[in-house]
Amino acid sequence: MEEKEHQNDTALLEALEAHGHLEPGELAVMLGREPAEVEAALERLRSDNVIVGQRILINWEKAGRDRVVALIAVNLTPERDVGFDKVAQRIARFPQVRSVHLMSGTYDLSVVVEGKSLQEVASFVAAKLAPIDQVTQTTTHFILKTYKEDGLLLEEADEDPRLGVTP
Amino acid sequence: MSLESRVIRSDEAGERFVAPTVAEVPPSGIRRFFDLASQMEEVISLGVGEPDFATPWHIRDAAIYSVERGYTTYTPNAGLPELREAVARYLTRERGVEFRGEQVLITVGVSEGIDLALRAVLRPRERVLIPEPSFVSYAPGTTFAGGTPVGIPLRAEQRFQLTEADLRAAAATGRTRAILLASPNNPTGSVLGRASLEAVARVAREQDLLVIVDEIYAELVYDGPFESLVALPGMKERTVLLGGFSKAFAMTGWRVGYAVAPPAVLAAMLKIHQYTVMCAPTPAQVAALEALRNGREERQRMLREYDRRRRLVVHRLEEMGLDCHLPGGAFYAFPSIASTGLSSEEFTERLLRQEKVAVVPGSAFGPSGEGYVRISYAAGLPQLEEALRRIRRFVTS
């Protein structure tokens, strides 16, 4: 039973990831399940924070908004009992921070920061990030161009090369 | 101006040189419709018989890399030995019948495989039984090979399954050499069930017929495991199994498929193959090998997406009052349009002109396809949803 539920959840999540705009009723049709059942599953997955949110991916460069994004490698001193979690969560709360990952390798946190200008990002690092007690070192890498984000290619969509009608 | 659209005098066109067998085969029912659709703009096409996905990148990458390294020469006539081995292992695993690499011939798509099989076995005017609606090339291919195609009409009430009675009736008269069929079927999406498979096997064994089975859509089967005719007792010895990479791995343009057949038949097919095409394109064979080795995950991902679309399309068609069985395989819905009172061609042409949605008239796949249209759900979901909205508007207006 649990195995079945897990399979159903996986299928639902995959459909949702591919077609986030669909209503529960439509998802139910596509998965061959009852609408009420799918709605209940969606509610459970949301309250369990398995479904975290839903967002639109925008190519801001193309939209003409000035924006600077930097990947900052952060070295930390771990804290007793909580390791890196507490400071990572603290860093994550800044609205300028788009993502935070704990890394294996030569640094501890990968922090992606967004700002309107080079100066804005630099001052965030200098004034907010570097002064945090546990932060021992930061290395800022400015992102020059984005080719793919969240699994989506940002280049122009190719036209459908298929012939209009084929057997 | 294209050659076709200019009016040319028949002596200038050289009509007298064309062999009657070829001249007498009517042009594809899809062709006229294609011309019509391609003259219009903003058409959403659900008339396409190939995946909307591009070939998975790892497959394209493998082919590019092989070209960079200079693998640009012929392969052996029967195909790259590694690919033949890989196909044999794949079929042994998936069909549950033991095959070896030397029993596999790599072809230029299943289309070449069909031509080879027919030319390898047919004596003049021998009959080939073709359950239809069927893929458009079966009957013309039979004619080109000197045979006589005999359609066996399938009916929607039987979910387009082949019945033993119909098969026996067709096989009873004249000189019948072979049965040529597809499972899953294009255009109906039907997968031959146990009863149909056993009927084919029984009749074929009793009357000593060869069965040519087109399994190009075998990997696109949604409800339960795929059952192949070749796995039935006594069938491996009388079956030409044709398969390929086009649909499952989204590789239509690469033109690569395979055939397995009883040794003498395969040798005959190889003889024709070596004198006509030499070998399948080498980069395409390398790509196919990569698909078999590492393509399973992507293939399953595409299958799951087709499955979701399949249910949505059939649900919407039923909602708007078009009867449609849930197809077990391929990526086509085949609804009845009887409730509209239109013929397949009228429906298709008016839908195209009024709503700019292209689907294919069922009659293009044989007379028993009349009263149906083929709707391909190999299209992105936004296009599919918009097209279905337009079809609804058309049907309910």
Side-chain angles (χ1 to χ4, degrees), chain A residues 3-39 41-42 45 50-51 54-59 146-167, chain B residues 28-40 43-52 54 57 111 134-137 186-187 222-223 252-253 301 304-305 307-316 318-319 326 348 352 358-361 364-365 374 376 378-385:
Chain A
E3 178 66 15
K4 181 77 187 156
E5 185 177 273
H6 178 69
Q7 276 177 14
N8 278 342
D9 280 355
T10 305
L12 174 58
L13 290 168
E14 191 185 85
L16 205 59
E17 195 174 55
H19 312 297
H21 66 287
L22 294 178
E23 302 289 327
E26 287 172 303
L27 287 167
V29 167
M30 292 178 101
L31 298 167
R33 294 173 63 190
E34 291 303 317
E37 198 190 321
V38 166
E39 271 181 55
L42 285 173
L45 291 165
V50 173
I51 299 173
Q54 190 175 339
R55 34 187 319 178
I56 305 267
L57 185 67
I58 293 166
N59 186 345
T146 302
Y147 297 93
K148 189 176 189 181
E149 183 106 41
D150 279 346
L152 295 177
L153 291 168
L154 299 191
E155 67 196 34
E156 303 235 8
D158 292 328
E159 277 193 20
D160 188 345
R162 299 179 299 168
L163 296 173
V165 182
T166 52
Chain B
S28 164
I30 285 181
R31 178 75 212 181
R32 189 183 73 86
F33 192 64
F34 170 77
D35 290 341
L36 192 63
S38 57
Q39 285 160 13
M40 296 173 63
V43 170
I44 301 181
S45 182
L46 304 184
V48 185
E50 60 178 321
D52 56 310
W57 176 249
S111 293
S134 76
F135 184 61
V136 296
S137 82
N186 171 9
Y222 305 104
D223 310 311
T252 45
R301 188 183 61 76
R304 290 195 296 275
E305 174 63 12
D307 186 22
R308 294 191 287 260
R309 296 176 191 171
R310 162 182 85 126
R311 293 174 188 277
L312 186 76
V313 167
V314 171
H315 179 80
R316 291 279 159 82
E318 291 277 353
E319 268 182 347
L326 186 67
T348 313
L352 181 63
V359 299
V360 180
F365 304 96
R374 190 194 72 175
S376 165
L381 199 66
Q383 291 95 303
L384 205 52
E385 288 187 294

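Order of the sequence lines fixes the chain letters, A, B, ..., with proteins taken first and strands second; residue numbering starts at 1 for each chain.
Here A/E14 pairs with B/R304 in a salt bridge; the nearest charged N to carboxylate O distance falls below 4.0 Å. Electrostatic pairing of A/E26 and B/R308 does not count as a salt bridge here, judged by no charged N lying under 4.0 Å from a carboxylate O.
Of all the listed residues (A/D160, A/L27, A/V29), the one sharing the greatest number of non-hydrogen pairs under 4.5 Å with chain B is A/V29. Between chain A and the residues B/V48, B/I30, B/L312, the largest count of heavy-atom pairs under 4.5 Å involves B/V48. Of the listed residues (B/R310, B/R301, B/E305), the greatest number of heavy-atom pairs within a distance under 4.5 Å of chain A belongs to B/E305.
Atom CD of A/E34 is surrounded by 12 or fewer heavy atoms from other residues, nucleotides or ligands within 6.0 Å. Around atom CD of A/E23, no more than 12 heavy atoms belonging to other residues, nucleotides or ligands sit under 6.0 Å away. Around the CD atom of B/E319, the shell of radius 6.0 Å holds more than 12 heavy atoms that belong to other residues, nucleotides or ligands.
Within the 4.5 angstrom heavy-atom criterion, only side-chain atoms of B/F135, from C-beta onward, approach chain A. Of the two parts of B/D307, only the backbone, made up of N, CA, C and O, holds a non-hydrogen atom closer than 4.5 Å to a non-hydrogen atom of chain A. Contact annotation for B/V360: only side-chain heavy atoms (C-beta onward) come within less than 4.5 Å of a heavy atom of chain A. Contact annotation for A/A18: only side-chain heavy atoms (C-beta onward) come within less than 4.5 Å of a heavy atom of chain B.
In terms of heavy atoms, B/A358 sits closest to A/V165 at CB-CG2, 4.2 Å. Contact between B/R311 and A/M30 at its shortest, heavy atoms only, is CD-O, 3.1 Å.
Residues B/E385 and A/H21 have side chains in contact (heavy-atom distance under 4.5 Å, counting atoms from C-beta outward). Under the 4.5 Å side-chain criterion, counting only non-hydrogen atoms from C-beta, B/L381 is in contact with A/L22.
Within the 3.5 Å criterion, the main-chain N or O of B/E50 finds a donor-acceptor partner in the side chain of A/R162. Between the side chain of B/R374 and the backbone N or O of A/P167 there is at least one donor-acceptor pair closer than 3.5 Å.
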